Every structure is written in structure tokens, then in C-alpha cells.
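All values reported here derive from a predicted model rather than from experimental measurement.
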Amino acid sequence: MQELHVSLDDAQLSPAAQKLQEPLEAQLGSALQRAAEQVGQDYHGESAAEVGARLLEVARSSLHPDIAAAFRPDPAELDRAARAVIETARTKRV
């Protein structure tokens, strides 16, 4: 599976968050990547919406509560990640 990356929109970040943008993106991307691996291993035919919700739940569980509460990925990007997880899980099973 391709590596997942999180990009934050500068315009929507506070000045303090802008100073921490690079490490925050790395932390969010890492959490999402670990979630994708875990959800992919546990995949049993769920829909993309279910996989996306699980990705978000698992990623948030590994983040500091304040960061997790503010983590609101773009729905289209989360759907794309969920579909990549599903495709990778199906490919590994064949």
C-alpha cells in the first residue's frame, strides 16, 4: 500500500499550529499509516465508509486527545485511503 500523508491547510491553522505544521503533519500521517495497516489486517469485506470510519477511529486513538479531537481529514481523502486499504487487503488475500 502506498504511504499515506496528511497535509494541513496553512490558511486554516492558528499561528501556533503553523509553527508546528511539519511535525504535526508527520504525526498525523504516521497515525493514519498505522491505522491503515491495522484496519487492513482486520478487513473482512466492510464498505469503504465503514473502513474510513475505522481508519479515523484507530488513528485518533493513537494521538494526544487534543490533537485527535481536532483531526478532521477531508472526507474525499479519507475515502481514498479507505479504498486503498480495501484494495491492498483484497490483493493480499488472492
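- Nearest heavy atoms, Ala36 versus Val85: CB-CG2, 3.7 Å.
- Residue Leu78 comes nearest to Gly52 through the heavy atom pair CD2-O, 3.7 Å, listed as atom of the first residue, atom of the second, then distance.
- Scored by the side-chain hydrogen bond (donor to acceptor under 3.5 Å, both in side chains) test, Ser61 finds no partners at all (sequence neighbours excluded).
- Ionic pairing of Glu57 and Arg54 is present here: one or more N-O contacts between side-chain nitrogen and carboxylate oxygen are shorter than 4.0 angstrom.
- Separation of atoms CG (Leu55) and CD (Gln38) is listed at 10.0 Å; rounding is to 0.5 Å.
- Considering CZ of Arg60 and CG of Leu32, their distance stands at 11.0 Å, rounded to 0.5 Å.
- Annotation: side chain to side chain donor-acceptor pair (under 3.5 Å) contacts involving residues 62-79, sequence neighbours excluded, comprise Arg34-Ser62, Glu77-Arg80, Asp79-Arg83.
- Residues forming a side-chain hydrogen bond (donor to acceptor under 3.5 Å, both in side chains) with Ser14 (at least two apart in sequence, or on another chain): none.
- Tracing side-chain contacts under 4.5 Å through hydrophobic residues (I, L, V, M, F, W, Y), one reaches Leu13 starting from Val6; they form part of the same cluster.
- A donor-acceptor pair under 3.5 Å is formed between the side chain of Thr91 and the backbone N or O of Glu87.
- Phe71 and Leu20 are members of different hydrophobic clusters when ILVMFWY side chains are connected at heavy-atom separations under 4.5 Å.
- Of all heavy-atom pairs spanning Ala89 and Gly40, the tightest one is CB-O, 3.7 Å.
- With no hydrogens or angles considered, a side-chain donor-acceptor pair links Glu25 and Gln21 at under 3.5 Å.
- When every heavy atom of Ala59 is checked against every heavy atom of Ala35, the shortest pair comes out as N-CB, 3.6 Å.
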